[in-house]
Amino acid sequence: MEGFSSYFETQSTSGSRWSYDSLKNFRQISPVVQNHLKQVYLTLCCALVASAVGAYLHILWNIGGFLTTLGCMGSIIWLLATPPYEEQKRVGLLMASAVFEGASIGPLIELAIDFDPSILVSSVVGCAVAFGCFSAAAMVARRREFLYLAGVLSSGLSILFWLHFASSIFGGSAALFKFELYFGLLVFVGYIVVDTQDMIEKAHYGDLDYVKHALTLFTDFIAVFVRILIIMLKNASDKEEKKKKRRE
C-alpha cells in the first residue's frame, strides 16, 4: 500500500454528497487514463489467475509457507527496484509475486476446500463483488474526494499491527481476534477506494505505471479475500459446533 507516503500529500477538494450526476463522472476520466485503467485491471486479472495457480501448486505439492512468503516479498521489492522501461521483466516479477502469494495462502484455501468448497466460492464471489463495487465508487466520485481517508486508514493499519504484535506476545482473546478480523476488513476495503482514486489521480498527472498500480490493487484484493474467507470459515465452524452440541 502506498498510504505511508504519497497519500499524505493530497487533500480532499470537495465535501459534496453523491447524486445521480456522479454516475456520469466517467467523462472526467480522459481517454489516456481510461486506457491506463484497462491495462491495470487486465494485469490485475492476470495476477489473480497466477495467484490461483500458486494456490493450486500448494494443494498439489504442499509448497506454501515461510519460503513462499519470502519469495513474494522479494519479488515485490525487486519489481519496485526495477526501472519502468523494463516492462516485461516487471510484469514477470508481478506474476511471480502473485504465484508466491497464492502458494502462501494455499493452506487457508486448502482448509476451506476440505471443510466446504462452497465457502471458497462464496468468498471469491463476495470479494470480487466488494472490490468491483468500491472500485467503481472511487471512479465515479469526484477526483480526490476520498484521498483524505489515507491518513485514517494508515492509522487503522498501525492499530492492527500493534494489536497483532501485542496478542502474539501476551496472548489474545477470541473477541480481540474477531475485532482484528472485522476491523482489518474495513481498513482494506477503504484502501480499495483510496488506492483506486490515487491511481486515477496519478494517471491524470502522467504516472502510467500500470504494473505498480496493479500490484497495489492486487495487495488490496488478497487482503480482503483472506479476511472474508476466514470470517466465513469461522462462522461455518461455529455453526457446526452448535449442531454437534444440539445432537449431544
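In terms of heavy-atom proximity, C72 sits nearest to E101 at SG-OE1, 3.3 Å. Across all non-hydrogen atoms, the minimal contact from H36 to A203 is CD2-CB, 3.7 Å. Shown here for L163 and E180, the closest heavy-atom pair between the two residues is O-OE2, 3.9 Å. Across every non-hydrogen atom of A236 and F115, the tightest pair is CB-CE2, 3.4 Å. Pairing each heavy atom of K89 with each of T82, the nearest pair is CD-CG2, 4.0 Å. The two residues S135 and I192 come nearest to each other via the heavy atoms OG-CG2, 3.6 Å.
Side-chain atoms of Y41 and L217, non-hydrogen and from C-beta on, do get closer than 4.5 Å to each other. Between F225 and I109 there is a side-chain heavy-atom pair separated by less than 4.5 Å. No side-chain heavy atom of H58 sits less than 4.5 Å from a side-chain heavy atom of T68. With a 4.5 Å cut-off on side-chain heavy atoms, I59 and I113 count as touching. The shortest distance between side-chain heavy atoms of L111 and P107 does not fall below 4.5 Å.
Distance CD1/I200 to CD/Q34: 10.0 Å, rounded to 0.5 Å. Going from atom CE of M95 over to atom OG of S51 covers 10.5 Å, rounded to the nearest 0.5 Å. I230 CD1 to K178 NZ: the interatomic distance, rounded to the nearest 0.5 Å, is 13.5 Å. We find the CZ-SG distance between F221 and C127 to be 4.0 Å, quoted to the nearest 0.5 Å. Of the inter-residue distances, the one linking T216 atom OG1 with L44 atom CG reads 10.5 Å to the nearest 0.5 angstrom. Expressed to the nearest 0.5 Å, how far OH of Y210 lies from CG of N35 amounts to 13.0 Å.
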Legend entry - side chain to side chain contact (heavy atoms under 4.5 Å, CB included) assessment of F146 paired with L153: CA-CA 11 Å; F146 292 112; L153 293 175; over 6 Å; no
Inset, instruction - Could you walk me through whether L37 and M199 pass side chain to side chain contact (heavy atoms under 4.5 Å, CB included), step by step? - result: CA-CA 9 Å; L37 290 175; M199 172 183 67; 3.2 Å; yes
Legend entry - Worked verdict on I231 versus N235 for side chain to side chain contact (heavy atoms under 4.5 Å, CB included): CA-CA 6 Å; I231 288 169; N235 290 341; 3.6 Å; yes
Legend entry - Intermediate values then yes/no, side chain to side chain contact (heavy atoms under 4.5 Å, CB included), V32 and L208: CA-CA 9 Å; V32 173; L208 301 176; 4.0 Å; yes
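Looking only at distances, a side-chain donor or acceptor of S97 sits under 3.5 Å from a matching main-chain atom of L94. For H213 (side chain) and V40 (main-chain N/O), no donor-acceptor pair under 3.5 Å exists by modelled atom type. A donor-acceptor pair under 3.5 Å is absent between the side-chain atoms of S237 and the main chain of L233, judged by distance alone. For T69 (side chain) and S104 (main-chain N/O), no donor-acceptor pair under 3.5 Å exists by modelled atom type.
Cluster annotation: I76 is not connected to V49 through the hydrophobic network of ILVMFWY side chains, with a link wherever side-chain heavy atoms come within less than 4.5 Å. V53 and L108 are assigned to two separate hydrophobic clusters, defined by single-linkage of ILVMFWY side chains at heavy-atom distances under 4.5 Å. V224 and F183 fall within a single hydrophobic cluster, where Ile, Leu, Val, Met, Phe, Trp and Tyr are joined by side-chain heavy atoms under 4.5 Å apart, directly or via other members. Linking ILVMFWY residues whenever their side-chain heavy atoms come closer than 4.5 Å, directly or via other members, places F177 and Y182 in the same cluster. L157 and L186 are assigned to two separate hydrophobic clusters, defined by single-linkage of ILVMFWY side chains at heavy-atom distances under 4.5 Å.
Between Y191 and F188, the ring planes are tilted. Angles from 30° to 60° get that label.
Only one option out of D220, V129, T196, V193 pairs with F134 in a side chain to side chain contact (heavy atoms under 4.5 Å, CB included); it is V193.
Electrostatic pairing of D238 and K234 counts as a salt bridge here, judged by a charged N lying under 4.0 Å from a carboxylate O.
Heavy atoms from other residues, nucleotides or ligands lying under 6.0 Å from OH of Y56 number 12 at most.
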